[in-house]
Amino acid sequence: MRVRFCPSPTGTPHVGVMRAALFNWAYARHTGGTFVFRVEDTDAARDSQESMDAIVEGLAWLGLDYDEGPGVGGPHAPYRQSERRDLYADVARRLLEEGYAYESWSTPEEVEERHRAAGRDPKLGYDGFDRDLTPAQVQAFRDQGREPVLRVRMPDEDVVVSDLVRGEVVFPAGSVPDFVVVRANGQPLYTLVNPVDDGVMGITHVLRGEDLLSSTPRQVVLHRALVEMGLSQRVPQFGHLPLVLGEGNRKLSKRDPESDLFLHRERGLLPEGMVNYLALLGWSIAPDRDVFTREELVEAFDVRDIGANPARWDQKKAEALNGDHLRMLAPEVLLDRVLPHLRSAGLLDGDPTPAQRRLLEGAVPLVQTRMAVLSEAPGMLGFLLVPDEELVVEEDALGALRPEAADVLDASAAALVDLVDWDAAAVESALRAAVVDGLGVKPKFAFGPLRTAVTGRRISPPLFESLELLGRESSMLRIAALRRRLG
RNA sequence: GCCCCCAUCGUCUAGCGGCCCAGGACACCGCUCUUUCACAGCGGCAGCACGGGUUCGAAUCCCGUUGGGGGCACCA
């Protein structure tokens, strides 16, 4: 069992593409097969090293390790197609010699013109004109200084593709035009290079997006030629994954922000959550369960369970699932995951100081059930990391204060100044005595002013624990500050 | 235009002829818990696109219609 992931390095990693990688990886790991990573960089104009690096980073982030590929090597190295030119030139030559392909001189304009002249739809595609030219005709084209492309001859029978996900798919004879595999300038195209490498590298299963289904008959025909020429052992089995759609039922394109893997990472999706959600797009682990780990995915994954209908990207579901994974994390792991987000929010400069780390160790467990994505952490934890005088009291928190707020703050301050033990339990009973019992304010409203004073927000981690973490000095300063503000 | 794919709650899906007057999850709406918000728990709303067959019996099989999507490059 050998599967592969073969992106072309253009742009940033796309969630649809990474999902294909995930399914291939999961299938390999489930079956004990080999996961090959190959780079399809035959389009020098669009390919970039940055994109290549980003894909590698994306795979690493998601935890999709590969057994063969750039950087790790393997029996079929090199794994970058730009380094395999000789092979392709060789195969192209043999394809021509053995009659599977032929030189084609027609320009697209000429093809269209012929269709028009014959009363056919001009957009029908290549018409096979150059299939059986006489030597004299060929010479005439040469004399004009033309350079031919190389086209593979499609058979005159139907091509039947047995798809792992969709069953038998029949492409009627004549519905797929002969296709170009080598440009006039000698550059091999994806149409050649992809089947050649799959064949030569012994790929047994090709799991890829449904957008490639209609190019499958061409690849099957080429694979058959490769097998007949002794260059490959088999035609791989194909399985076409349902497309991932964006808003408005369109294929998720690079233009859509949801398609950008790293944007989700910035938003604070965990790789665990991302893997889970991606796998759920077209696959399910059990009738009554949809939260699972990477290991559980590997354990349960089977291509036969992949559905055929397209799936819409649902950000809410992705984040809800992420919340589940976030809660499954050990607190110290969550702390580490949260740090980059605190840094990019400007709350942390490099590594936390020992004091900051202590605060975070206390606070992270308090916010673990309160986040779905990591980018919520700065808002929740910021009050602990910011100096007292820089605490921003948010507008809506101020607006929510009731008339008795000043009295509440006064009573609270009085109750807390001389508190003997500064811990959450002691703080709570002191405050309850002072505000709930003392002032007769209902518990639901009693602590709002304090929360606002101390955290600057209406919504925060639990108040008494927050006070404990913040410490008496800061707490008193903040209470006094808001009290002054209320006049 | 041609070829191909798809069709169960708003969304992701379970269902592979009787277990289904269709199950789960997200979302949404209530309630409980509660120092805010969450989490958790409980409850609710909501679907087999339509029409023909086949069958004792169809969400499940077949055909058609409609709807949606993908592909038709000297891109990948």
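In what follows, chains carry the letters A, B, and so on, assigned in the order in which the sequence lines appear, proteins first and then strands, with residues in each chain numbered from 1.
Taking only side-chain nitrogens and oxygens, A:Lys316 never comes nearer than 4.0 Å to OP1 or OP2 of B:G10. Using a 4.0 Å cut-off, no side-chain N or O of A:Arg46 falls inside it from OP1 or OP2 of B:C75. Between B:G68 and A:Arg250, no contact under 4.0 Å exists linking OP1 or OP2 to a side-chain N or O. Side-chain nitrogen and oxygen atoms of A:Thr10 include none within less than 4.0 Å of the OP1 or OP2 phosphate oxygen of B:A76.
Look at B:U55: it lacks any Watson-Crick or wobble partner with both distances under 3.5 angstrom. In a base pair of the Watson-Crick type (N1 to N3 plus N6-O4 or O6-N4) or a G-U wobble (N1-O2 and O6-N3), with each distance short of 3.5 Å, B:A7 is matched with B:U66. Pair check for B:G1 finds B:C72; Watson-Crick or G-U wobble, both atom distances under 3.5 Å.
Between B:C75, B:C12, B:G1, one nucleotide has an atom nearer to the side chain of A:Asp121 than all others, and that is B:G1.
Comment: A:Lys123 does not engage A:Asp121 in a salt bridge, judged by the lack of any side-chain N to carboxylate O separation of less than 4.0 angstrom. By the 4.0 Å N-to-carboxylate-O rule, A:Arg208 lies too far from A:Asp198 to be salt-bridged with it.
Rounding to whole angstrom units, CD of residue A:Glu109 and P of B:C74 are separated by 10 Å. Protein atom CG of A:Asp305 is 19 Å distant from nucleotide atom P of B:C12, rounded to whole Å. Rounded to an integer number of Å, the gap from A:Lys123 NZ to B:C72 C1' is 9 Å. When rounded to the nearest whole Å, the span between CG of A:Asn309 and C1' of B:A14 equals 12 Å.
A:Val180 comes within 4.0 angstrom of the backbone, heavy atoms only, and of no base. In this structure, A:Arg218 reaches the bases: a heavy-atom distance under 4.0 Å links it to at least one base atom across the strands shown. Using a 4.0 Å heavy-atom cutoff across all strands shown, A:Gly307 reaches no nucleic acid atom at all. Among the protein residues, A:Ala308 comes within range of the sugar-phosphate backbone only, with heavy atoms under 4.0 Å from sugar or phosphate atoms but none that close to a base.
If you check distances only, the side chain of A:Lys317 does reach the base of B:A25 with a donor-acceptor pair under 3.5 Å.
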Once each nucleotide of nucleotides 31-44 of chain B is scored for protein heavy atoms under 4.0 Å, what B/S/- sequence comes out, 5' to 3'?
----BBBBS-----
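No side-chain donor-acceptor contact under 3.5 Å links A:Glu272 and A:Asn276.
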